[in-house]
S.K.: 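The structure under discussion is supplied below as structure tokens; questions concerning it will follow.
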Amino acid sequence: MTGLIPNLWQYRELVAALAWKNVAVRYKQSYMGILWAVLKPVVLVIIFVILRSIVGIDSGTIPYPVLTYCALTIWIFFQESASEGVNSVVGNTNLIRKIYFPREVFPLTSVVTKLVELCIGLVILAGLMAWYGMAPNWQMLWIPALVLYAILAALTIAFVGAALNVYYRDIAAALPVLLSLMMYMSPVIYPLQLVRDKLLVQHAGGDWSQALYLIFTLNPLAGLIDAFQNVTLRGLPPDAEAILPGLVLTLGLLPFSYLYFKRAEAYFADVI
Amino acid sequence: MPIIEVDHVTKEYRLGQLTSLKQSALNALNRLTGRPVEQREPFKALDDVTFSVEQGEVLGIIGHNGAGKSTLLKLLANISKPTDGRIAVRGKVAPLIEVGAGLVADLTGRENIYLNGAILGIPKAEIRRKFDEIVAFAELEQFIDTPIKRYSSGMQVRLGFAVATSVESDILIVDEVLAVGDLAFQRKCFDRMEDLIKFQGNTILVVSHNIRQIERMCKRVLLLDHGHLIADDDPKVVCDEFYARSQSKIAETSASKSAHRGRVESTGEIDLLEMSIEDANGKKLDQVTTGSTFSIHLRLRCHERAENITIGLGVHTTDFVYLTTHNSEITQSRVDLSAGDHDIYLRISHFPLLPGLYMWRMGITCGDTYRTAFYGENLLSISVLKPHQRHVPASMRDGFFALDGVWEFESHPESSVT
């Protein structure tokens, strides 16, 4: 883990150049350009709004479209960083076989690439908030820290996933399924408040309620999405009880994920 | 202190497919319970290779396909790790393992220069400084803002080479790049590399199948064969060894196909039954000396009467540089051959080729239109030795032909001192 930070600094120009390439290549020769990045969350919000009109989801004082768009902004950033990170090593076979530089550059590049799209998503979110007459607040200063948390969570999956994917391409095939499963386990369509009410107030799980809530919040995205909605929409600080289990899990697993990646790295060129 | 040290390095690859998840799980279980694990057969791409390179040396690496050249470069460039042994590289390596690795088709030339520079580890400020120089070297001023997918392959290679050689590195690794581009650009590449060698003291490793190029550029050559380092010496010595080995390999493959050696085209009217080198008494030779006199004996079989034939006999190098040809029309007007077998001799006096290994080619034309009835290359090898009777300088191996000249020295002891 100690090697990551100096490497990151030494190869910052390379990461920046590769990320810029990813963005440039994706939107060259396309008329709408980077606006395509916005389309996915917008379509999902429309679907969720229609869904909500049928099943009814209590969004509290926050207008539902903003609440769910806010959740999708950070969720999609995490999901695409993780899945592109996992594919990044195999996707750069030609470079891996020809030129040496530390291979963590590839997953990192995927994350940095997605940061660009996240920024656009945040601009749209600000526009939506203005439309609904919601004022910005000081808690928004948490946003960089929360984005960093999302990066760490995505890298935890990306490092080990990318290394395994070199040996078994099953990983890349299975990942979209797992990630969409994870979305339903995360408070994207519904606010975390509903889960908390069910388990901690109504004790729907009986004696197991407290444990079930802990398990639910072990998912880093549960606490992250809730905190992101808190600081942008509700003007509240992150809820420590919701965010800590996932944060501890992420910080505990990330070093192992990275070490596995570094150990496998030496054989990438032979196996890929 | 050597800048590169390769110490008993072995690289193994496992043959066959990667094991399935199930097999891996079973293997892990077997390992845990101490039962024998099913192993795939290892393949040694490099086998116990040891050498070292000094700062500023230009080292050529040659060998057949699959000899382990590219594997060795990959290990030196840190792309792959040796299975056994140790590699120490003291300095920054600029790999040119493949020119244009990392060029992106959709980006323009300008964008690719910055991207490729970043991939090769050149700081952005440095690329900005060298940008004009790179563009000028690649001769792409006019197309620099065009996506490189519209470039010809030669233009892409020029761009790749221009960026790669602007890396400020201690060690440059060159893999088969000079085989591309037109002659003028190849010339430029040579000059650039010579500049790197002479003025910047770079260490250069070159892999090529163009042995002549290697012989000219390098001070020292390694010969790899099936993963073994079998020669590490002066370029001439190693290249000759390589030619000899190629030759025996060619001879082996042609022996198995006996009748057709090398490239032979025939209409079936005339067959070559036998071809040999003979001395004045008709004794068969397998080697001759420079300046000697001998004959080439052809035995031909005509299946039908052939009119107005000409025969051309020529010598080429093992890499098909045609050195000389002698046509029967020069000394003899066109002749007619009746159906049946014919013995034909080309008498050669003062054979001018310098020592080395050469091959014979032969062609027969028929009729007024010089229709080709038979043509073959690599038909017979001729090994030329240096004449043993007198002292021969080392430069005897520089070139192909003996130059028939006489030196005269006229001294003017008084006039120079004024």
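Letters A, B, ... mirror the listed sequences (proteins, then strands); counts begin at 1.
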S.K.: Need one label for A:Leu18: side chain, backbone, both or neither, based on atoms under 4.5 Å from any heavy atom in chain B.
M.R.: both

S.K.: What's the spacing between B:Ser80 OG and A:Tyr267 OH if we round to 0.5 Å?
M.R.: 8.5 Å

S.K.: Enter the distance from B:Asp106:CG to A:Lys21:NZ here, rounded to the nearest 0.5 Å.
M.R.: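 So the CG of B:Asp106 and the NZ of A:Lys21 are separated by 10.5 Å.
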
S.K.: Under the criterion side chain to side chain contact (heavy atoms under 4.5 Å, CB included), I'd like the reasoning laid out for A:Trp20 against B:Glu111: C-alpha separation, chi angles, the key distance, then a yes or no.
M.R.: CA-CA 10 Å; A:Trp20 168 80; B:Glu111 292 164 335; 3.4 Å; yes

S.K.: Say you draw a straight line from CZ of A:Arg97 to CD1 of B:Ile79; how long is it, rounded to the nearest 0.5 Å?
M.R.: 10.0 Å

S.K.: Side chain, backbone, both or neither: which part of B:Pro147 has an atom under 4.5 Å from a heavy atom of chain A?
M.R.: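 Looking at B:Pro147, nothing touches chain A.
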
S.K.: Look at the side chain of A:Glu13 and the backbone N and O of B:Lys124, then say whether any donor-acceptor pair between them is shorter than 3.5 Å.
M.R.: yes

S.K.: Based on non-hydrogen pairs under 4.5 Å, which of B:Asn112, B:Val104, B:Leu107, B:Asn78 is most in contact with chain A?
M.R.: B:Asn78

S.K.: Is B:Glu141 atom CD crowded by more than 12 heavy atoms from other residues, nucleotides or ligands, each under 6.0 Å away?
M.R.: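 Yes, the 6.0 Å shell around CD holds more than 12 heavy atoms from other groups.
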
S.K.: List the steps and the verdict of side chain to side chain contact (heavy atoms under 4.5 Å, CB included) for A:Phe101 and B:Ile119.
M.R.: CA-CA 8 Å; A:Phe101 42 79; B:Ile119 288 172; 3.9 Å; yes

S.K.: What distance do B:Leu120 atom CG and A:Ile99 atom CD1 have between them, rounded to the nearest 0.5 Å?
M.R.: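 Going from the CG atom of B:Leu120 to the CD1 atom of A:Ile99 covers 5.0 Å.
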
S.K.: Non-hydrogen atoms of chain A under 4.5 Å away: do they reach the side chain of B:Ile122, the backbone, both or neither?
M.R.: backbone

S.K.: So, B:Lys81 and A:Asp270, do they make that salt bridge, N to O below 4.0 Å?
M.R.: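 A salt bridge is absent here (no side-chain N lies under 4.0 Å from a carboxylate O).
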
S.K.: Heavy-atom pairs under 4.5 Å with chain B - which of A:Ile96, A:Val15, A:Leu95, A:Asn94 has more of them than the others?
M.R.: A:Leu95

